[in-house]
Amino acid sequence: VNASAQGPERSLTRKLGQLFVERWRRVSPDTIVVDRNLAAAPPPFVTEDWIAAAFTLPERRTSAMRDALVPSDHLISEVRAADVIVIGAPMYNYGMPAVLKAWFDQLARIGETFTFDLARGDWPIQPILGGKTLVVLSARGEFGFEKNGPRERMNALDPGIAACAHYLGVAPGDHHLVTIEFQEFKDARHAASRAAAEEQVGTLAESLSRRLIAQARAAA
Ligand SMILES: Cc1cc2nc3c(=O)[nH]c(=O)nc-3n(C[C@H](O)[C@H](O)[C@H](O)COP(=O)(O)O)c2cc1C
């Protein structure tokens, strides 16, 4: 899932995504990869009609309501089919690119990706999907957005994705983050950050791929 507005020649997050797939395929060459390019085909924003459709029981929906949910149905089916979801998520104005927020908004659907029941008390939302692994490949121009970093309080990106990860069926322990920093400084710190991220992405792709193969063997 690529959210950068830039193409593969310039985008650091797209390059990390390509590297992830390349290293994954070294271990598991037959893996099916679905490329969801959010910049090329931005998901629609949530509208009043969309909300009305989503909160109407499927059997009561009009054909206009069903039409309003087609993009959401399609994006949810991609996530449902995935074992691993890799998101290329640049930091834009301290948060998610709008296309990525729109993607999450289309995915969070009552009866499809979560249920809501006040009988559960203060935590009425329960995810429907489960067992997926999330890899977030991020890049940012500045630095220090990590826990206890100098810009931690400005980071609306990583916590925003983490908060929505349950809609994807991802438990907190199955959420991995690799980040390139200092892009706007274009200095040695950026080069070091990029090299470290590439190293991490390669290792992560191979280890997750091996783990998935082992799980599949154990289940067979
Ligand atoms: C519209 C826009 C907004 C940005 N906002 C921020 C920001 O708030 N903080 C930051 O550290 N970098 C910011 N940057 C820098 C990007 O995060 C950085 O260039 C990153 O490499 C972009 O990802 P990409 O290389 O995959 O396109 C912004 C860049 C753009 C184009």
Side-chain angles (χ1 to χ4, degrees), residues 1-26 31 33-46 75 78-79 82 84-107 132-165 167-168 170 175-206 208-209:
V1 181
N2 280 299
S4 172
Q6 303 193 101
E9 281 76 40
R10 302 175 80 111
S11 165
L12 295 174
T13 55
R14 282 179 200 272
K15 286 191 179 120
L16 286 183
Q18 284 167 349
L19 179 63
F20 186 93
V21 171
E22 193 186 304
R23 294 289 291 269
W24 179 285
R25 283 193 162 137
R26 275 194 204 171
T31 301
V33 178
V34 176
D35 182 8
R36 169 56 47 197
N37 187 346
L38 298 177
F45 290 151
V46 163
L75 295 173
E78 285 180 349
V79 167
V84 179
I85 301 157
V86 184
I87 303 180
M91 177 177 279
Y92 279 3
N93 302 313
Y94 303 104
M96 289 186 217
V99 291
L100 184 57
K101 182 66 170 69
W103 182 75
F104 273 114
D105 288 346
Q106 292 292 338
L107 290 174
K132 307 202 186 274
T133 299
L134 174 63
V135 177
V136 177
L137 305 176
S138 191
R140 49 215 58 185
E142 298 169 270
F143 66 95
F145 294 98
E146 68 283 356
K147 197 163 169 45
N148 299 321
R151 292 187 178 85
E152 180 187 4
R153 64 167 196 87
M154 298 164 86
N155 185 356
L157 174 62
D158 307 323
I161 293 175
C164 290
Y167 294 126
L168 307 176
V170 176
H175 178 172
H176 307 267
L177 171 65
V178 180
T179 298
I180 298 177
E181 296 184 295
F182 302 101
Q183 178 275 324
E184 280 159 10
F185 295 86
K186 298 181 175 62
D187 57 7
R189 295 174 300 176
H190 174 55
S193 174
R194 187 170 171 183
E198 286 170 357
E199 174 75 31
Q200 255 182 292
V201 165
T203 311
L204 184 63
E206 291 188 10
L208 288 177
S209 182

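Everything quoted here is computed from the prediction, not taken from an experiment. Just so you know, these numbers use all the heavy atoms, side chains as well, and skip hydrogens, waters and symmetry mates. As the structure lists them, so they are numbered: ligands from 1, and atoms in each ligand from 1.
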If every non-hydrogen atom of Thr203 is compared with every non-hydrogen atom of Arg23, which pair is closest and at what distance?
N-NH2, 4.2 Å

Taking only residues two or more places apart in sequence or in another chain, which ones pass side chain to side chain contact (heavy atoms under 4.5 Å, CB included) with Gln200?
Val178

Mind checking whether Phe185 and Phe143 have parallel, tilted or perpendicular rings, split at 30° and 60°?
perpendicular

Closer than 3.5 angstrom, by distance alone: can the side chain of His175 be matched with the main-chain N or O of Thr133 as a donor-acceptor pair?
no

Closest non-hydrogen atoms of Ala197 and Ile180, given as atom of the first, atom of the second and distance, are CB-CG1, 3.6 Å

Which pair of non-hydrogen atoms, one from Gln18 and one from Pro8, has the smallest distance, and what is that distance?
NE2-CB, 3.6 Å

Contact residues of ligand 1, where a non-hydrogen atom lies under 4.0 Å away:
Ser4, Gln6, Ser11, Leu12, Thr13, Pro90, Met91, Tyr92, Asn93, Tyr94, Ala139, Arg140, Gly141, Glu142, Phe145, Gln183, Glu184

